[in-house]
Amino acid sequence: MSTPVSPAPATRLSRIEAVLAERFAPLRLVVEDDSARHAGHAGARGSETHFNVLVVSDAFSGLSRVQRSRAVHEALDAEFRSGLHALSLVLRTPAEPSGG
Amino acid sequence: MSETVFQRIQAEIDANPVMLFMKGNAMFPQCGFSARVVQILSHMQVPFQTANVLEDPELREGIKAFSNWPTIPQLYVKGEMVGGCDIVTEMYQSGELETLFAEKGIKAVA
């Protein structure tokens, strides 16, 4: 058997990074897989279900907290449909505290 | 998505000034994110009502579509979606949550 060729990035973590980098052109982007900490509870089926995400981007200027989160949720819709269970989001503009 | 589940959700948020859709209940949260929101509301001594999405698959999917928000918990104050665990936590820490409750006429302790 040959190794299957996968055109999309292999892990959800790398897909999330790629989508957010493309969509928000962030000055800072940190994506951490936090699934292990949630292992064993109802939503944690398998791996790559829980992520911590930090995005610092001008794209959030003028948006409320809910609007920022919705923008990220929408960008990651395909991941939510395929088993992404929880995101812990920190979404800042460069001008905001801890946004630099 | 059935109309009835949306009607049920609307009725819940109309009837309860502080309404939390969560996993488990206030006594026994079934998820760390839900637990944290319960802890914050309890600490602020805000009266709140909860609905357990784990007991009701239709509600679990319905609330996500209703709110256009893919995760649980979800906090509604006076009919307005405030956010999930991250937003509630940030707003609590910054004092914005206290301000929000004050603006909405809901008695809270900082």
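Each chain gets a letter, A, B and so on, in the order its sequence line appears, and its residues count up from 1. Being a predicted model, the structure only gives us computed values, none of them experimental.
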>> Show the nearest heavy-atom pair for residues A:Glu74 and B:Asn68, with the distance to one decimal.
In response: OE2-ND2, 3.8 Å
>> In this structure, would B:Phe101 and B:Ile40 fall into the same cluster of hydrophobic residues linked by side-chain contacts under 4.5 Å?
In response: yes
>> Side-chain heavy atoms nearer than 4.5 Å, only ILVMFWY residues, links allowed to pass through others: does that put A:Val90 and A:Val31 together?
In response: no
>> What's the separation between atom CG in A:Leu89 and atom CD in B:Glu90, rounded to the nearest 0.5 Å?
In response: 9.0 Å
> Same cluster or not: are A:Phe24 and A:Leu27 linked, directly or through other Ile, Leu, Val, Met, Phe, Trp or Tyr residues, by side-chain heavy atoms under 4.5 angstrom apart?
Replying inline: no
> Which heavy-atom pair separates B:Val82 from A:Val66 by the least distance, and what is that distance?
Replying inline: O-CG2, 3.2 Å
> Mind checking whether B:Trp69 and A:His73 have parallel, tilted or perpendicular rings, split at 30° and 60°?
Replying inline: perpendicular
> With a 4.5 angstrom heavy-atom cut-off, which part of A:Leu84 approaches chain B: side chain, backbone, both or neither?
Replying inline: neither
> So what's closer than 4.5 Å to chain A heavy atoms on B:Glu80: side chain, backbone, both or neither?
Replying inline: neither
>> Apply side-chain contact (heavy atoms from CB on, under 4.5 Å) to residues B:Asp86 and A:Ser69 and explain how you reach the verdict.
In response: CA-CA 10 Å; B:Asp86 295 333; A:Ser69 291; over 6 Å; no
> Going only through I, L, V, M, F, W and Y residues with side-chain contacts under 4.5 Å, is there a path from B:Met22 to B:Leu97?
Replying inline: yes
> Counting heavy-atom pairs under 4.5 Å to chain A, which of B:Thr71, B:Ile72, B:Thr89 comes out on top?
Replying inline: B:Thr71
>> Minimum heavy-atom separation for A:Arg65 and B:Ser94, please, with both atom names.
In response: NH2-OG, 4.0 Å
> Is B:Leu100 reachable from B:Val38 through a run of hydrophobic residues whose side-chain heavy atoms are each under 4.5 Å from the next?
Replying inline: yes
